[in-house]
Novice: 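Could you have a look at this structure, given as structure tokens, before my questions?
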Amino acid sequence: MKNQPKNDQGGSDTATTNDNILRKAKLKKLSDLEQLGIEPFPHIFKPTHQAAALQKSYESLVAGEETQDKVIVAGRVMAARNNNMFIDLMDTTGSIQIFSHKDSMSPENMSLLDCLDLGDIIGVEGVIRRTPRGELSVRAYKITVLTKSLLPLPEKYHGLSDVEQRYRQRYVDLIVNESSRDVLRARSKIVSAVREYLDGIGALEVETPILHSILGGASAKPFVTTYNALDANFYLRVAPELYLKRLIVGGLSDAVYEIGRNFRNEGLSIKHNPEFTAVEGYHMYMDYSDIMDLIEDLVGHVVKKVHGTLEIEYDGQKINFAKPWKRRSMIDLVQDETGINFLEFDTAEQAHQAAAKLNLKLDPKLNWGQVVEQVFADRVEHKLIQPTHVTDYPFEISPLAKNSRLNPRLVERFETFVNGWEIANAFTELNDPRIQRERFLQQVEQRETGDEEAQMLDEDFITALEYGLPPTGGWGMGIDRLVILLTNSQNIREVLCFPTLRPLK
RNA sequence: GACUGCGUAGCUCAGCCGGUAGAGCACCUGACUUUUAAUCAGGUGGUCCUGGGUUCGAUCCCCAGCGCAGUCACCA
């Protein structure tokens, strides 16, 4: 990539690049400060006020008026005018102008102004006033350098827009791009709201292993790593599901949940990052209908917390999260779009023939359920803009879900779609150890025919089921996608603090 | 992984139908001193992503590589 800061040029006299010239200018000011007996990196400073709160409490202060209210603020110098007489100081809450005039500052302190650069972090003691031009300001009595910055900030008007650099050097992006800060702060708020809701219904937050010796809980390609001390290979988990259900078996709580990272060794896209955050929850004595209610309440709580209303706009499209959400079976939705009722086909061959009529090119090895899933993905998924629970999935693609009470070829599973994206996946949990073993064995068979994503037989999980998993409903939700929707972002990387990039060589 | 596009100053971007490059901001010097992307005058700053090839000459054309983006495939 271009424009990486070079770290090995600080002391070189032969340096001629602009990078070096800019850096040298700042190093000179740093040594000027030291000449003045000023420590450019002091240990501590205690501000008393923050910018946003000051802006709010002095909202009605009229232009030209000065108070006697003493404040101490601290932040980064983002802009300066009139030889640093006016400085825009930015802290984590907002900005406030600093006004430095010889009438209210010592000559020594005034000379410190000459050593300031954009990007420096300073502390300012002074009084609140509003300038005749109407800008709320701190008239400085004393300015303290808190941290000298040695690298130039990006352009003050256009900011930093090179996406690669924004993600590789998120700290620079965050300094100059308010929208980046807003998105990541909203993410934190969303995670808090999820936690708040689940704690509120009495669910217990737990942490289960990320290093798994047996792959399970979802159909996905894993990352593999080695643990030296045990001389054993581990998978980075693709889902925490099987461990969470073990905790329900153990009766740790009526409900448990985990918010954490899953890892899938698959491609990057605007919707996919190899490590992503999911929340999963398991609730005794609930079935998938109860979980649909729960998802609607949970997401509703989060949306309201972030937006104050249940109707949001994403990419110009209005999305309404008000209950109840549409609930419709996968088979019916496919029939709505294609006129084909796949339940009429008893064999995979018949399903393949039907799919072929729809001009779908499918791997001939796919079983009936996989064909239905592909037709659904191709014809239906992208049309599900408003929140929709798609219910009753084929059992072949749902090895951990309990069979349907209505049709043995289906299971009590649903996925929730918003804006054409799957955001949640849930089942009435399969708790019959005999059937679970069969399902695992079918997965193992698929694995042996080359399906890298098929799950493994987890004997200990079956043992847990043999001790008895009470009737339980479980669900998982992708946090990143929810954040994309609720922050009107276009890309998963925008909602990750540090998205995955190819390492620089 | 495949295809397409992009890579020029610290940042945001022009430009060159092949003759070694410009602007604004930032930075430096000076002026101004109640400014708001402050203003005015002057100045510094470039491996035009990297490596090959074609050419008298390549930042520009060709090939390969690296990085990024978008689309597709797998997936949440």
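To find a chain, count down the sequence lines: A is the first, B the second, and so on, and within it residues start at 1.
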Novice: Going by purine N1 to pyrimidine N3 plus the second Watson-Crick contact, or the G-U wobble pair, all under 3.5 Å, which nucleotide sits opposite G24(B)?
Specialist: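 Answer to the pairing question: C11(B), which forms a Watson-Crick or G-U pair with G24(B).
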Novice: Which residues, if any, of residues 84-102 of chain A bring a heavy atom under 4.0 Å of RNA chain B?
Specialist: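 Correct list: M85(A), F86(A), Q97(A), F99(A).
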Novice: Give every pair of a protein N or O atom and an N or O atom of nucleotides 25-27 of chain B that lie under 3.5 Å apart, one pair per line with the distance.
Specialist:
residue	atom	partner	partner atom	Å
C25(B)	O3'	K156(A)	NZ	3.4
A26(B)	OP1	K156(A)	NZ	2.8

Novice: Counting N and O atoms only, with roles assigned by atom type, does the side chain of D162(A) sit under 3.5 Å from a partner on the main chain of E164(A), one being a donor and the other an acceptor?
Specialist: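 Indeed, once roles are kept as given, a pair shorter than 3.5 Å links the two residues.
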Novice: Checking one value: the base orientation of U20(B), syn if chi is within 90 degrees of 0, otherwise anti.
Specialist: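 For U20(B), whose glycosidic angle is within 90° of 0, the conformation is syn.
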Novice: Sticking with atom C1', work out how far G51(B) lies from C13(B), rounded to a whole angstrom.
Specialist: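 Between the two C1' atoms, the distance is 27 Å.
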Novice: Is the closest basic N to carboxylate O distance between R237(A) and E258(A) below 4.0 Å?
Specialist: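 Yes, this pair counts.
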Novice: Relative to the 5' end of RNA chain B, which residue comes earlier, N273(A) or T131(A), by the nucleotide with the nearest heavy atom?
Specialist: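 Its nucleotide being nearer the 5' end, the pick is T131(A).
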Novice: Give a yes/no verdict on a cation-pi contact between R413(A) and Y393(A), requiring under 6.0 Å between NZ or CZ and the six-membered ring centre and an angle within 45° of the axis.
Specialist: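 Yes, R413(A) lies over the aromatic ring of Y393(A).
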Novice: Can you tell me how the ring of Y197(A) sits relative to the ring of H301(A), calling it parallel under 30°, perpendicular over 60° and tilted otherwise?
Specialist: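 Tilted, since the angle between the ring planes falls between 30° and 60°.
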Novice: Counting the atoms with a prime plus P, OP1 and OP2 as sugar-phosphate, which does E422(A) contact under 4.0 Å by heavy atoms, base, sugar-phosphate, or nothing?
Specialist: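 It contacts sugar-phosphate atoms only.
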Novice: Rounding to an integer number of angstrom, what distance separates C28(B) and C63(B) when you compare their P atoms?
Specialist: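 Rounded to whole Å, the distance is 45 Å.
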Novice: If I pick the C1' atom on U8(B) and the same atom on U59(B), what distance separates them, to the nearest angstrom?
Specialist: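 Taking atom C1' in both U59(B) and U8(B), they lie 7 Å apart.
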Novice: If we take the P atom in both A9(B) and G22(B), what is their distance in whole Å?
Specialist: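 Nearest-Å result for A9(B) against G22(B) at atom P: 14 Å.
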Novice: Given G70(B), is OP1 or OP2 found less than 4.0 Å from the side-chain N or O atoms of R493(A)?
Specialist: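 For R493(A), the contact criterion (side-chain N or O under 4.0 Å from OP1 or OP2 of G70(B)) is met.
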Novice: Scan G476(A) against the nucleic acid and name what it touches under 4.0 Å (heavy atoms): base, sugar-phosphate only, or nothing.
Specialist: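 Result for G476(A) = nothing.
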Novice: Searching all strands shown, indicate the nucleotide that pairs with C56(B) (Watson-Crick or G-U wobble; both distances under 3.5 Å).
Specialist: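 C56(B) is paired, partner G19(B).
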Novice: For D480(A), is there an ion pair with R187(A) - N to carboxylate O distance below 4.0 angstrom?
Specialist: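 Between D480(A) and R187(A) there is a salt bridge, with a charged N closer than 4.0 Å to a carboxylate O.
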Novice: Quick one: side chain to side chain donor-acceptor pair (under 3.5 Å) partners of K221(A), sequence neighbours excluded?
Specialist: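 So K221(A) forms no side chain to side chain donor-acceptor pair (under 3.5 Å) with any residue.
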Novice: Provide the distance between the two P atoms, one in G1(B) and one in C11(B), to the nearest whole Å.
Specialist: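 Looking at atom P only, G1(B) and C11(B) are 28 Å apart.
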Novice: Sticking with atom C1', work out how far C49(B) lies from G5(B), rounded to a whole angstrom.
Specialist: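 Between the two C1' atoms, the distance is 16 Å.
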Novice: When the ring centroid of Y282(A) is compared with that of Y257(A), is the distance short of 6.0 Å?
Specialist: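 Centroid distance Y282(A)-Y257(A): not below 6.0 Å, so no.
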Novice: Please identify which of these residues, F414(A), Y288(A), F417(A), W475(A), meets the ring pair (Phe, Tyr, Trp, His ring centres under 6.0 Å) condition with H389(A).
Specialist: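 The single option meeting the ring pair (Phe, Tyr, Trp, His ring centres under 6.0 Å) with H389(A) is F414(A).
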Novice: Using a cut-off of 4.0 Å on non-hydrogen atoms, how would the nucleic acid contact of R502(A) be classed: base, sugar-phosphate, or nothing?
Specialist: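 R502(A): backbone/sugar contact only, no base atoms under 4.0 Å.
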Novice: I'd like the P distance from A73(B) over to A58(B), given in whole Å.
Specialist: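 Straight-line distance between the two P atoms is 44 Å.
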Novice: If we count only N and O atoms by modelled type, under 3.5 Å, do the side chains of Y157(A) and E155(A) hold a donor and an acceptor together?
Specialist: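 No, because no side-chain N or O of Y157(A) sits under 3.5 Å from a partner of the opposite role on E155(A).
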